[in-house]
Amino acid sequence: MPKPSAATTPFHLVCGGDSYLNDQTVRDLKHEAQRRYPDAETIELDAANADHYAFDEAVSPSLLADRAIVIVTNLQNADEKLGDAMVSYCRQACKEPADASIVICQHEGGVKGKRLVEQLTKAGAYKDAVADLKKPEAKLNFVMQCFERRKRRVEPMAAQQLVAVLGDRTGELAAMVGQLCFDFDDNPMTLDRVNQYLTSNPQVDGFRVADLALSGRTADAIIAMRSSVEQGTAPIALIGALAMKLRTMAKASAVRAGTISTAEAKTNPWVLKNATRQLSGWTSSGMSACIQMLAWADEQSKTNGSDPVYALERSIELISRKGRAA
C-alpha cells in the first residue's frame, strides 16, 4: 500500500504531544475537511463510551449527507470491537478514498491504545505529528508560529519573555498572543509592549497564583499574590481570576458527571480539558467551600476597613487544601 499523505487520506491519527497542540491539530483538520466538503455532516464520538455500531453508523451515508466528518476523541479508550470496526473501515476507505467519510482520531499519547494506533497506521491511516513543547526552544518556536498565523512578527526577546511567564501553559500562551495582536498594532511586537501588557493584566498573575494554589504550593502562591499586589494589582482582580479558575473547574466537574454537556459549559474545549485534569482529589463540598470563601474575600475587598490581602491568603490556603478544613 502506498504511503498515505496528509492531503489525500480520509483517515487521520493525531497522537500525543502537547495537549493544546493536539487539540489544535484536530480542530485544524476538522476545519480543513469542512472547507473541502461543506455539505458533509460533522459527527463527534467519544471512544470511551461509543460502540462499533455508533462508529459504523457515523461513517455510513445518511439522509442528510453522503459523506460525514467523524471526530473520535479518547482513542486510547476504544474497546476491541470498536477498534476492529475502525481498522476495517480505515483499510476500506484508504483503498477507495473518493467517496469515503473523513475520520479524525485523537489519542492522548502513552502506551494505552498503542496497538490500535499501530493497526490503523498499518491499515493506511495518516499519523499527524504533534510537538511536545518540552524544550525551551520548542516553546519559543511555538510563540513565533502563533504570531505568524496572525501574519505578525515578534521580537526574539519579547517571545522569550512570553515563554518565561506562560511557557508551561500552552493554551494561555496562545491566547495571550491573540490578545496582544488584537490590542496592539506593533509589528514586530516589542519586549516593552509585552512587559506593559503582562504587568497590567491581573489575569496573568491571577492564573499563576491559582495554578500554584491548585498544585498545593501554598507558600509560593501567597508569595506570588503578595508580589502582584505590591506591583499594583488590585486584590479584587486576583480574586476574580481565582474565582474564574474555580468556576471553570466546577463546570468541568459537572461535564464529567454528566450533569451538563460540553456545549452547555460554554467554555473553550482546551480550557475545559485542562480543568478536568486538575479535579483529582476535589469534592463538590470542597469546591463549594472555596467558592464561598472567594465570595467572602470579594466582599472584604469592597468593604472599608477590611483586609482584602488577608482574605486572599485565607482563600489561597483553602484552595491549596482542596476545600478541606485545616
- prompt: Taking Thr25 for the side chain and Leu21 for the main chain, is one N or O donor matched with an acceptor at less than 3.5 Å?
  reply: yes

field: Cluster overlap Ile236 with Val309, hydrophobic side-chain contacts below 4.5 Å
entry: no

message: How about CG on Asp79, more than 12 heavy atoms from neighbouring residues, nucleotides or ligands closer than 6.0 Å, or not?
response: yes

field: Non-hydrogen atoms of Cys94 and Pro97 that approach each other most closely
entry: O-CD, 3.8 Å

With a cut-off of 3.5 Å and sequence neighbours excluded, list every side-chain donor-acceptor pair involving residues 144-151.
| residue | atom | partner | partner atom | Å |
| --- | --- | --- | --- | --- |
| Arg150 | NH1 | Cys146 | O | 2.9 |

message: Looking at every heavy atom in both Cys15 and Asn22, which two are closest together, and how far apart are they?
response: C-ND2, 3.8 Å

- request: Give the minimum heavy-atom separation between Ala40 and Ala65, together with the two atoms involved.
  value: CA-CB, 4.3 Å

message: Quick one: does any side-chain atom of Arg67 pair with a main-chain N or O of Ala100 as donor and acceptor, under 3.5 Å?
response: yes

query: Under a 4.5 Å side-chain heavy-atom rule over Ile, Leu, Val, Met, Phe, Trp and Tyr, are Ile102 and Val26 clustered together?
result: yes

- prompt: Asp99 and Asp66: side chain to side chain contact (heavy atoms under 4.5 Å, CB included), yes or no, with the steps?
  reply: CA-CA 8 Å; Asp99 299 315; Asp66 293 333; over 6 Å; no

field: Pair Arg115 + Glu118, salt bridge at N-O below 4.0 Å
entry: no

query: With Leu173, which residues qualify under side-chain contact (heavy atoms from CB on, under 4.5 Å), at least two apart?
result: Phe142, Val143, Leu162, Leu166

- prompt: Other than Leu212, what residues sit in its cluster of Ile, Leu, Val, Met, Phe, Trp and Tyr side chains whose heavy atoms are under 4.5 Å apart, directly or through others?
  reply: none

message: Could you go through Leu246 and Met287, starting from their C-alpha distance and side-chain angles, then the distance that decides it, and tell me whether this counts as side chain to side chain contact (heavy atoms under 4.5 Å, CB included)?
response: CA-CA 7 Å; Leu246 281 177; Met287 188 79 67; 3.9 Å; yes

query: With no hydrogens and no angle check, do the side chains of Gln300 and Asp298 hold a donor and an acceptor under 3.5 Å apart?
result: no

query: Does the pair Arg226/Glu313 count as a salt bridge with the N-to-O cut at 4.0 Å?
result: yes

field: Pair Glu108 + Lys273, salt bridge at N-O below 4.0 Å
entry: no

query: Looking at OG of Ser315 and CD1 of Ile239, how far apart are the two atoms once the value is rounded to the nearest 0.5 Å?
result: 6.5 Å

field: Beyond-backbone contact of Pro10 with Ser101, side-chain heavy atoms, under 4.5 angstrom
entry: no

statement: By side-chain contact (heavy atoms from CB on, under 4.5 Å), Ala48 pairs with (sequence neighbours left out) Asp46, Asn77

task: Quick one: list whatever passes side-chain contact (heavy atoms from CB on, under 4.5 Å) with Glu57, sequence neighbours left out.
output: none

message: Please report the interatomic distance CZ(Arg256) to CG(Leu279), rounded to the nearest 0.5 Å.
response: 4.5 Å

field: Closest approach of Ser62 to Glu41 (non-hydrogen atoms, all atoms of both residues)
entry: OG-OE1, 3.5 Å

- request: To the nearest 0.5 angstrom, please state how far the SG atom of Cys90 sits from the NZ atom of Lys95.
  value: 11.0 Å

query: Take atom CD in Glu299; do more than 12 heavy atoms of anything else shown fall under 6.0 Å from it?
result: no

- prompt: Less than 4.0 Å between a side-chain N and a carboxylate O, is that true for Asp211 and Lys245?
  reply: yes

Pairwise distance CD(Gln160) to CG(Leu140) - rounded to 0.5 angstrom: 5.5 Å

task: Answer yes or no: is there a donor N or O on one side and an acceptor on the other, between the side chain of Lys81 and the main chain of His52, under 3.5 Å?
output: no

message: Does Arg35 form a side chain to side chain contact (heavy atoms under 4.5 Å, CB included) with His31? I'd like the steps, not just the answer.
response: CA-CA 6 Å; Arg35 186 191 63 78; His31 293 155; over 6 Å; no

task: Look only at the side chain of Arg152 and the backbone of Asp186, and say whether a donor-acceptor pair between them is shorter than 3.5 Å.
output: yes

Joint cluster assignment, Leu318 & Val209, ILVMFWY side-chain distance < 4.5 Å: no

message: Tell me the closest heavy-atom pair linking Ala159 and Val154, and the distance in Å.
response: N-CG2, 3.8 Å

- line: Heavy-atom nearest pair, Ala138 first then Leu133, reads O-CD2, 3.4 Å

- prompt: Are a donor atom and an acceptor atom from the side chains of Thr170 and Asp18 found within less than 3.5 Å of each other?
  reply: yes

query: Does Ser320 use its side chain to pair, donor to acceptor, with the backbone of Ile316 at less than 3.5 Å?
result: yes

task: Indicate, with yes or no, if Val229 and Leu242 share a hydrophobic cluster defined by side-chain heavy-atom contacts under 4.5 Å among Ile, Leu, Val, Met, Phe, Trp and Tyr.
output: yes

- prompt: At what distance, to the nearest 0.5 angstrom, does NZ of Lys114 lie from CD of Gln76?
  reply: 14.5 Å

message: Please check if the number of heavy atoms outside Asp185 that lie under 6.0 Å from its CG is greater than 12.
response: no

message: Let's go through Gln34 and Lys30 carefully: what are the C-alpha distance in whole Å and the side-chain angles of both, what is the deciding distance for side chain to side chain contact (heavy atoms under 4.5 Å, CB included) to 0.1 Å, and is it a yes or a no?
response: CA-CA 6 Å; Gln34 289 171 334; Lys30 179 177 75 171; 3.8 Å; yes

query: Would you say the side chain of Glu44 lies within less than 4.5 Å of the side chain of Thr73, judging by non-hydrogen atoms?
result: no

query: Other than Val103, what residues sit in its cluster of Ile, Leu, Val, Met, Phe, Trp and Tyr side chains whose heavy atoms are under 4.5 Å apart, directly or through others?
result: Phe11, Leu13, Ile43, Leu45, Phe55, Val59, Val70, Val72, Leu75, Leu82, Met86, Val87, Tyr89, Leu116, Val117, Leu120

- prompt: Backbone N or O of Asp84 within a donor-acceptor pair of the Ser88 side chain at under 3.5 Å?
  reply: no

- prompt: Between the side chain of Thr276 and the main-chain N/O of Leu272, is any donor-acceptor distance below 3.5 Å?
  reply: yes

task: Please check if atom CD in Glu137 has more than 12 non-hydrogen atoms from other residues, nucleotides or ligands closer than 6.0 Å.
output: yes

message: If I take atom CE from residue Met225 and atom CG from residue Leu238, how far apart are they, to the nearest 0.5 angstrom?
response: 7.5 Å

message: Please say yes or no: joined through hydrophobic side-chain contacts below 4.5 Å, possibly via intermediate residues, are Val177 and Leu191 part of one cluster?
response: no

